[in-house]
Amino acid sequence: MSAPLFLVDDLPTSARFTLTGREGHHAADVQRLKPGEALLLADGRGGSVRAEVTAVGRGSVDLAVGERSFVPAPDPRLVVVQGIAKGDRGELAVQAMTEIGVDEIVPWAASRSVAQWRGDRGVRAREKWVSTAREAAKQARRPWLPVVSGDPDASTKQAAARLAGAAAAFVLHEEATDRLTRAKLPVSGEIALVVGPEGGISDQELGAFVAAGAQPVRLGTSVLRTSTAGVAALAVVSARLDRW
C-alpha cells in the first residue's frame, strides 16, 4: 500500500518537521501512524517530500524528512465547467473528477440548475466543493490540487468566455452527433469540458457555447447523470492524452 499523503502550506526546509493542525490530528489520531511508518507531505503545487514518523503525540507527529520531488503541472490542462446540481451530486462529481485527474472545476449557474448559489449559501457550497476536492486529492495521492474557481459560481456568459480562451472546448450533449472519442485534441493548452445540470443544457446556453468555439459531443448512446458525465469524459480524454 502506498504511503498516505498529507497537505501542508509549505514543504519543510529542514531535516526534522512536526505535522500539526488538522493534518497532524488525522495522522496521529485517525490513521494512528506509528514510528517507522512512511508518509508523504505535499504542498498541492507539485512539490512533495517523503518522511518517516519518529514520534507520535496528541494531534501531531514528528517526522524525519527524506527525499524531495517535484511534478510539473499537467499540460494540456483539463477543466470541467460543471453545472451546479442539487443535493450531494455536485460533491460526488467533484470527488470523482478529482480522483480521475481534473485540473480545474468551474461551478456553473446553469438556467436549469435546481440549486442556486446565492449569498452566504453560495459561499458555503463552493467551500464544500473545495474541501471535497482537497480530500479526494489526498486520497488519490495527487501532487497538484485541482482549482475550484467561481465567485462563488460562474454565469453562462463567464463560462462562454472561458471556453473561448481554451485550446479546445467541448459540450457534452445527448443530441450531438460527434463523439468525444474522435474529437481532435490539442497537445498543449487548456481542454474545457461542459457538463450540464440535471435538467440539461438549454438551447440558448448551447448556442452561446458554440458561438464561443465549443464543439458539442457525446460519449455514447446512454444519457449519463450530471455526477458521472464529467468523470466519463475525463477518463476518455485522459486515456487519449496518455495521462493514463
For [Y], is there any backbone N or O sitting under 3.5 Å from a side-chain donor or acceptor partner on [X]?
X	Y	value
Arg141	Gln139	yes
Arg142	Thr98	yes
Ser113	Ala109	no
Arg218	Glu174	yes
Arg126	Val148	yes
Arg240	Ala183	yes
Thr18	Asp62	no

So do the side chains of [X] and [Y] get within less than 4.5 Å of each other, counting heavy atoms only?
X	Y	answer
Met97	Thr132	no
Val65	Ser14	no
Val217	Arg179	no
Phe170	Leu185	yes
Ile191	Pro186	yes
Leu63	Val53	yes
Leu33	Phe6	yes
Val8	Glu23	no

Transitive ILVMFWY side-chain link [X] to [Y], under 4.5 Å:
X	Y	answer
Leu7	Val71	no
Leu180	Val171	no
Val79	Val195	no
Trp117	Val123	no
Val237	Ile105	yes

Can you tell me how far apart [atom1] ([X]) and [atom2] ([Y]) are? Round to the nearest 0.5 Å.
X	Y	atom1	atom2	result
Glu99	Lys138	CD	NZ	13.5 Å
His173	Ile201	NE2	CD1	6.0 Å
Ile84	Arg112	CD1	CZ	16.0 Å
Gln158	Asp151	CD	CG	8.0 Å
Gln31	Leu39	CD	CG	9.0 Å
Arg58	Thr20	CZ	OG1	15.0 Å

So does Asp178 pair up with Lys184, basic N to acidic O under 4.0 Å? no
Given Thr156 and Gln204, is the side-chain contact (heavy atoms from CB on, under 4.5 Å) satisfied, shown in steps? CA-CA 10 Å; Thr156 297; Gln204 292 79 8; over 6 Å; no
Are side-chain N/O atoms of [X] and [Y] paired as donor and acceptor at under 3.5 Å?
X	Y	answer
Ser48	Ser69	yes
Ser111	Glu205	yes
Asp75	Ser188	yes
Gln82	Trp108	no

Got more than 12 heavy atoms from elsewhere within 6.0 Å of CZ, Arg45?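 More than 12 within 6.0 Å, yes.
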Counting only heavy atoms from other residues, nucleotides and ligands, does the tally under 6.0 Å from CZ of Arg225 exceed 12?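 Check fails, neighbour count at 12 or below.
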Between Arg162 and Glu104, is the side-chain contact (heavy atoms from CB on, under 4.5 Å) condition met? List the steps. CA-CA 12 Å; Arg162 185 63 182 270; Glu104 183 174 352; 2.6 Å; yes
Pro146 versus Ala133, closest heavy-atom pair with distance: CG-CB, 4.0 Å
Between Arg124 and Glu127, does a salt bridge (Lys or Arg N to Asp or Glu O under 4.0 Å) hold up when you go through it step by step? CA-CA 5 Å; Arg124 290 194 299 270; Glu127 288 175 348; over 6 Å; no
What verdict does the side-chain contact (heavy atoms from CB on, under 4.5 Å) test give for Leu193 and Leu78, after you've listed the backbone C-alpha separation in whole Å, the side-chain angles of each residue and the deciding distance to 0.1 Å? CA-CA 8 Å; Leu193 302 160; Leu78 304 183; 5.9 Å; no
